[in-house]
Each structure stands twice: as structure tokens, then as C-alpha cells.
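A short write-up of the structure that comes next.
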Amino acid sequence: MMNHNLSSVKILDVRVDRVTMQDTLNFVSSSISNGSYHQIVTVNPEFVMKARKNILFRNILNEAELSLPDGIGIVLASKLLGKQIPERVTGVDTVERISALARDNGWRIFFLGAADGVAEQAADILRSKYPGIQIVGTYAGSPRIEEEEGICSRIIDTKPHILFVAYGAPSQDIWIARNLNKIKVPVAIGIGGTFDFIAGISSRAPVWIQRLGVEWLYRLFREPWRWKRMLALPHFAALVIYSRIFKHTQN
Ligand code: UDP
């Protein structure tokens, strides 16, 4: 499905593109000028583990026009599989960088998802950070099918170039795949908890912790109720090592 020349790596049957942040921004720019609609997914180890049990989700990840390496686990896995991804491209950083670019280019952005009022709070913070940015709509809503039509017409009314969807995985990515052609948005991205980070509701690890590649440990410490979800990480690591040893030709 990729309409660009970037190479990719298959990690436990999920395609991740070997892109940098700059490649990602270039992809967004060209997507907005080329007139069709593009889905971007931000793959971390939890996504890969969910995709093993959810074929619809796996297909959506594999068919997305761009699949970003979000998470140190993905970068390490790519290295182990012999096709190293150059850097981590996280949802939070991508939203920030796209916002700056949108301001410079006059692109309209719509924020969908997160708890009531959080998208608006995040929008206000980005408006003061990037004065002139056109955030043309914010709406919490929910990924429930009954709400879909109403949400789509809100989006269509504001004609955004970019849509950020914060419903968590896999709901956000399934929502985008199902509605992208209807809402006719050039670039739509599932961004997980990014509005919560921007609005300051959850805090990101200090940069030195991010650099050490242990942001996940910080998150576990701050939000211990995630421990069960995070068991996916050692499981992911074990499966990647297994596939490295036993399936040499996976890629
Ligand atoms: N969320 C939502 N509606 C839902 C489920 C989740 O708006 O039905 C939001 C939630 O408020 C949060 C984001 O989706 O802002 C998911 O955050 P999380 O960190 O759990 O994302 P993940 O790690 O699953 O990508």
C-alpha cells in the first residue's frame, strides 16, 4: 500500500516503515498535495501484540500508507531482525512537528477523541505555542458506531487537511480505516494518549530517561495500573528473539 519508496521491516507480521521524523513530515506534505487520503499508524510493541489476536487490526496496520516506529521496542526489534529502523518516531513528537508545519502551511487540523474537554485543552496549548495554527474543530465523542455519522459530518463540515484521532488502539485505527474515504481527509493519524500528554494530564518522562530508552519504565512507575498491559513487552521481546532464531527469512 505504501506509495513512497521507503523500505520497511516486518515485526511479527506487522509492517513498520524505516522512516525518520523528516521522512514523516515529507510524507505528510506530499499527501496533502496529492489529493488522496492517507492513514498513518504509530506502531509500538503493544500494537504488535494486539495485532496477533486481532486480524482486522493487523490488516489495517499493514495497509496503512505510513506505519511509524513508535517505541524503543520496535527500533530494537528491527535491529535484531537485521533491518534497523533509523530512529523512533513517536505520536507525541509527530503531533508537535505536524502542528508547526501546519501553522507554516495554513493546513487545517481537527482533534478527535480523549476525555471531554481534553482535546480542546490540548488545542489551546498548541494555539499558544504555534500562533496562527488553524485547529478547526475539537470533539471527544467516542468510537461507538452509533456516533460515527455525527462525528463524520462534524469533520466534513470543517474540511481539515489533517485529523488526529485519540481513541487508543485498536479503536482509533479501525475508526480511521472505516471512515477515511467518507470524510476525505488527506492525512489521518491515530495518536493514543497524545492529547493527554499535551494537555499535561499525563506527563512524559524527562528527556534523559527517553534517551536511555526506558520511557516505558517511567510510565510503569507513574501509572502502575498499566502493569498488566505492559506484560505485553517481555512477551513481545521473547517472540521477536524467537522469530530471529527460527525464521531467518521473515522479511
Ligand atoms: N479514549 C477515548 N475514548 C475511548 C477510549 C480511549 O477518548 O473510548 C482516549 C483516552 O482518553 C486517551 C486515549 O484515548 O486519551 C488512549 O490513550 P492510551 O494512552 O490508553 O492509548 P494507547 O496506549 O492505547 O495508544
Side-chain angles (χ1 to χ4, degrees), residues 11 14 16 39-54 56-58 60-61 64 66-74 88-96 99 109-126 135 137-152 154-155 163-179 188-205 210 214-236:
I11 300 175
V14 172
V16 183
Q39 174 163 15
I40 302 182
V41 294
T42 59
V43 176
N44 63 28
E46 273 186 53
F47 277 50
V48 174
M49 296 309 284
K50 284 177 187 166
R52 288 172 65 79
K53 298 197 184 121
N54 183 336
L56 170 66
F57 184 44
R58 190 202 306 160
I60 288 170
L61 296 179
L66 185 64
S67 173
L68 298 180
D70 184 350
I72 191 71
I74 296 294
R88 220 182 134 192
V89 182
T90 70
V92 192
D93 294 337
T94 307
V95 167
E96 285 270 352
S99 297
I109 316 183
F110 194 106
F111 287 11
L112 178 64
D116 268 335
V118 173
E120 190 53 36
Q121 249 175 286
D124 281 342
I125 287 166
L126 292 176
I135 299 169
T138 62
Y139 187 63
S142 92
R144 292 177 343 151
I145 220 104
E146 306 89 276
E147 290 193 41
E148 215 162 88
E149 217 181 292
I151 293 175
C152 286
R154 275 171 191 268
I155 296 170
L163 170 68
F164 295 138
V165 184
Y167 286 147
S171 306
Q172 61 194 17
D173 308 287
I174 294 172
W175 195 96
I176 292 172
R178 207 166 43 217
N179 294 295
I189 317 178
I191 53 151
T194 295
F195 294 151
D196 301 308
F197 284 117
I198 294 175
I201 286 159
S202 31
S203 69
R204 242 189 131 182
Q210 293 180 34
V214 288
E215 196 170 358
W216 56 275
L217 195 59
Y218 176 87
R219 211 164 178 201
L220 181 61
F221 182 69
R222 293 290 299 246
E223 302 170 18
W225 59 89
R226 284 182 177 268
W227 73 271
K228 225 172 185 169
R229 279 173 60 172
M230 292 183 82
L231 285 180
L233 294 175
H235 191 187
F236 169 82

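The residues of the chain are indexed from 1 along the displayed sequence. Numbering of ligands and ligand atoms starts at 1, following listing order. Predicted model, so just to flag it, every value in this text is computed and none were measured.
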Of all heavy-atom pairs between Gly91 and Asp70, which one has the smallest distance, and what is that distance?
-> N-OD2, 3.2 Å
Kindly assign one of parallel, tilted or perpendicular to the pair Phe111 and Phe164, based on the angle between their ring planes and the thresholds 30° and 60°.
-> tilted
Residue Ala169 vicinity, atoms of ligand 1 by number, heavy atom under 4.0 Å | 24 (O), 25 (O)
Let me know which of Arg219, Arg229, Lys53 forms a salt bridge (charged side-chain N to carboxylate O under 4.0 Å, His left out) with Glu46.
-> Arg229
Indicate yes or no for a side-chain donor-acceptor contact from Asn44 to the backbone of Gly71 under 3.5 Å, with no hydrogens or angles considered.
-> no
Please write down residue, atom name and distance for the protein heavy atom closest to atom 20 (O) of ligand 1.
-> Arg229 NH1, 3.6 Å
Considering only protein heavy atoms, which is closest to atom 5 (C) of ligand 1, and at what distance to one decimal place?
-> Tyr167 O, 3.5 Å
Closest protein heavy atom (residue, atom, distance) for atom 15 (O) of ligand 1 | Asp196 OD2, 2.5 Å
So, does Glu147 use its side chain to make a donor-acceptor pair with the main chain of Ser142 at under 3.5 Å?
-> yes
Are Gln172 and ligand 1 in contact, using a heavy-atom cut-off of under 4.0 Å?
-> no
Atom 1 (N) of ligand 1 - nearest protein heavy atom and its distance | Ala166 O, 3.6 Å
Measuring from the heavy atoms of Pro143, does anything fall under 4.0 Å of ligand 1?
-> yes
Do you know the tightest heavy-atom contact between Thr42 and Ile189?
-> CG2-CG2, 4.2 Å
Does atom CD of Glu223 have more than 12 heavy-atom neighbours, drawn from other residues, nucleotides or ligands, at distances under 6.0 Å?
-> yes
closest protein heavy atom to atom 18 (P) of ligand 1 is Gly193 N, 3.9 Å
Relative to the heavy atoms of Arg219, which atoms of ligand 1 are at a distance of less than 4.0 Å?
-> 19 (O)
Give the atoms of ligand 1, by number and element, whose distance to some non-hydrogen atom of Ala115 is under 4.0 Å.
-> 11 (O)
Please write down residue, atom name and distance for the protein heavy atom closest to atom 7 (O) of ligand 1.
-> Ala114 N, 2.9 Å
Which residue supplies the protein heavy atom nearest to atom 25 (O) of ligand 1, what is that atom called, and how far is it?
-> Gly192 CA, 3.5 Å
Judged by atom type as modelled, is there a donor-acceptor pair below 3.5 Å linking the side chain of Lys50 to the main-chain atoms of Pro170?
-> no
Testing Arg88, Gln210, Arg204 for side-chain hydrogen bond (donor to acceptor under 3.5 Å, both in side chains) with Asp93, which one passes?
-> Arg204
State if Ser142 counts as touching ligand 1 under the rule of any non-hydrogen atom under 4.0 Å.
-> no
Can you check whether Lys50 has an N/O within less than 3.5 Å of an N/O in ligand 1?
-> no
Closer than 4.0 angstrom: is that true for some heavy atom of Arg226 and an atom of ligand 1?
-> yes
If you measure from CZ on Phe110 to CD1 on Ile135, what distance do you get to the nearest 0.5 Å?
-> 11.5 Å
Does Phe195 come within less than 4.0 angstrom of ligand 1, counting non-hydrogen atoms of the residue?
-> no
